[in-house]
Amino acid sequence: MLLRRIPGKAKRAILISLSICVVMVLGISAKMRADGGRPIMARNSVTIGQMMNFFQANASYPSYYAGSDAPLLYDFCAMYYQECEAEGVDVNVAFSQAMIETGFLRFGGNVSISQYNFGGIDARAGIAGRSYSSVRQGIRAQVQRLKIYASSTPINRFNNPLAEGVEEAYYNKLSGIHGTKKYVEDLNTWGGSSTYYQSVLNMMGRLSSASTYTTWYNGVDYSPVYDPYYYANHSPDVKKAYSNSGDGMIWHFIQYGIHEGRRGNNSFDVYSYKRQYPDLRRAFGNDLAAYYKHYTSYGYKEGRAGTGCTTLRGATTVYNGVDYSSVYDYSYYSSYGDLWRIFGEDENAMISHFVNYGMHEGRQGNSAFSVRSYKLQYADLRAVFGNDLAAYYRHFMNYGKREGRAGTGCTTLRGGVTRYNGIDYSAVYDYSYYSSYGDLKRAFGEDDVAMLIHFVNYGMSEGRKGSDKFDVKSYRLQYADLRGVFGNDLRSYYMHFVNYGKREGRAGTGCTSLRGATTTYNGVNYSAVYDYSYYSSYGDLKRAFGEDDVALLSHFVNYGMSEGRKGNTLFNLSVYKNRYPDLRAAFGDNNAAYYYHYMSYGRTEGRKAS
C-alpha cells in the first residue's frame, strides 16, 4: 500500500530493485505452490539474526526509535518474531512486507515514521492511514491483520490481545474473508498491485538468504566479545555442530564457550582481561563468564583493554584479612615450578599455599625476605621461635620490618646459642666450630639449639672439641689432679673448666703429652720402678690404654711386674735378679717380689738394678 503513496519515479526504482531476484523467488514460489502458494500461516522461517543482518545490509536503524519501546534494531526484530510466533504467522512474510511498505523504515510517503504503521494499514493516496501508540502495537496490528486474511482461527486474544485498529467491529467486518487469503500470492489486494505478491516473495527470498550469524542473545549484543565467523573458525567442534545456525552457535558460546574461556573474537581474551584487572578478579574470582559479561556491559565502554596482558598484574597479597606483601609476591612465588603447575594464575590459591604450607616449608615468597637469612641473623628470634619457620615470617611482617631488621643478606649463623638449661657453655663451645663436624652438620644443619644439645648430651662424653679454646684431651693430659678425680669421665673435664678451670686460669689447650703421670696405686708409690712415659712405649700397652696413666699403672702393678716388664730406666729385673743370689734364694721365680724388694729395701741398701 505504501508503494501507492510513493511518487512514480521512485516507485519504479524500488520495483526494479525488488525484482532483481524475481527469477529465483518465482522458482521458490513454484516449488511451494503444490497446494496453492507460499503460506502466510507457518512456523517462523527466518531468525532474528537474519532479520537484523538483512536490515543492516540495506539501511541504518532510525535514531527516532531510540525513545520508543524498540530502541534497538534487535528489539524491533525480536518484536516481529514474538508477535508472529504468537499468531502463527511466518515472520518472513510480515517482516518482508514491512520492509516493502516502509522502504526499510525510511518511510517518505503518506505514512510518517511517528505513526508506527509498518503495514501501511488503511493508507491510500492522500490518506496517512492508521496510527499506533507504540512499535509493538503497530507490528501487532499488521500481524493480526495478516492472520485475519490467512486463517479462520481466532486471534490469540488471551496471550496476545487485539491490537489497536483490529477492534471488534473491524474484526467482525472482516469475518467474511477469514482464511480466504492463505498465501502470499493472495496479497495483491493488500498492495493494490498485480505484482505486489512478487515483491513480497522477492523480499522474502533475499531475507531467507541473509546470514543466520548473530551477535545478539536474549536482547544482549555480545559483539564486544563475540564474532560468529571468528568463533566458527577457531572452534572446529562448534562449527561442525552449528555452522548453519547462528542462533545455535551463539547459544553455545553463551552456555558453554564463555564458561570454558573460549575466545569469541580477536579483540577479547578472557585470560588477558582477568590478568590485567585485580578489581575484577576480586569481584569474579574464577567465574570466567562474568568477565565476558562485564566487558560486554561495562569494560568495553570504560576503555578497558580486552587483550595484550600476558602476566598477572596487581596480584593479591592479602589472605584472611592479613597483608603478606612484606614477605610475599605472587610473581616471585609462582616461579616455583611445582606450584605453577598446580595453581597457575590462581592468585588466591597461590597465596593460600604460601600461608598454609610455604612458610612452614621455609619457601621464599619474595626477593626481600629469606626466612633462612632472618633466622641465621637473629639469635634472639631463634631463642624464641626455634624451628617454627612460619613464626619468623610473621615476626618480620608485624615487627621486624618496622624495627629495621634485615630480611636478607645473611648466609652464616650469627650469635650461635651457648646457653642450655641455664648453663653457659661458651667457655668450651662455639656453634661455628662444632658445626664443622660433617655428621653433625648433616644432622642438624643450622639449628644451633639442636647442635648445642648434642654437644651437651653426647659431644662432651665423646670427647668432641667444641671450640678452639678448649681441648678435653689437652686439659686431661695437663692436670694430674683432675685425672685423679675424674679418670676417664671426659664430660667432667668440660664441666670443671666451665665452672672452675677457666676462672682459675687453667689452660684449656696446648698440651700434647701427659704431664704429672701418677705413680701411686692403692696407696703405694711405684716411682722407683715405674715411669708412665717409659712404660707407655710398649706398643701393645699404648694401643690398649693410650693416655690413661691410671690404667697403665694398674697394668704394670697387676701384670707388668709379674711379666718382668721394665717400668723405667732405673730398674731391670734380670740385672737385679742375677746379681743377688740371696734374693733368688728368697723369691725364686716370683718376679713381682723383686720389684717390691727394690722399692722397699734395695734402693736404700744401695743395691744396683741396672
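Computed over heavy atoms, backbone and side chain alike; hydrogens, waters and symmetry mates excluded. A quick note: this is a predicted structure, and the numbers were derived from the prediction, not measured.
Here Y74 and Y61 keep their ring centres 6.0 angstrom or further from each other. When ring centroids are compared, F76 and F55 stay outside the 6.0 Å threshold.
From T212, atom OG1 reaches atom CD1 of I250 across 11.0 Å, with rounding to the nearest 0.5 Å.
The aromatic rings of H353 and F343 lie tilted to each other, with the angle between the two planes from 30° to 60°. Note: Y273 and H294 have tilted aromatic rings, judged against thresholds of 30 and 60 degrees for the angle between ring planes. Taking the six-membered ring for Trp and thresholds of 30 and 60 degrees, F253 and Y231 have ring planes more than 60 degrees apart, a perpendicular arrangement.
By the salt bridge (Lys or Arg N to Asp or Glu O under 4.0 Å) test, R304 is found to be paired with D279, E302, residues two or more places apart in sequence or in another chain being considered. In this view, R405 and D380, E403 satisfy the salt bridge (Lys or Arg N to Asp or Glu O under 4.0 Å) rule, not counting sequence neighbours.
For the residue pair D329/S367, the side-chain donor-acceptor check at 3.5 Å is not satisfied. Side-chain contact annotation: Y217 with Q255, donor-acceptor N/O pair under 3.5 Å present. Inspection of the H395 and Y374 side chains reveals an N or O donor paired with an N or O acceptor under 3.5 Å.
Remark: of the listed residues Y333, Y330, Y319, Y333 is the sole one forming a ring pair (Phe, Tyr, Trp, His ring centres under 6.0 Å) with F354.
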Could you list the donor-acceptor pairs under 3.5 angstrom formed between side-chain atoms of residues 307-316 and any protein atom two or more places apart in sequence or on another chain?
from	atom 1	to	atom 2	distance (Å)
T316	OG1	V318	N	3.1
T316	OG1	V318	O	3.4

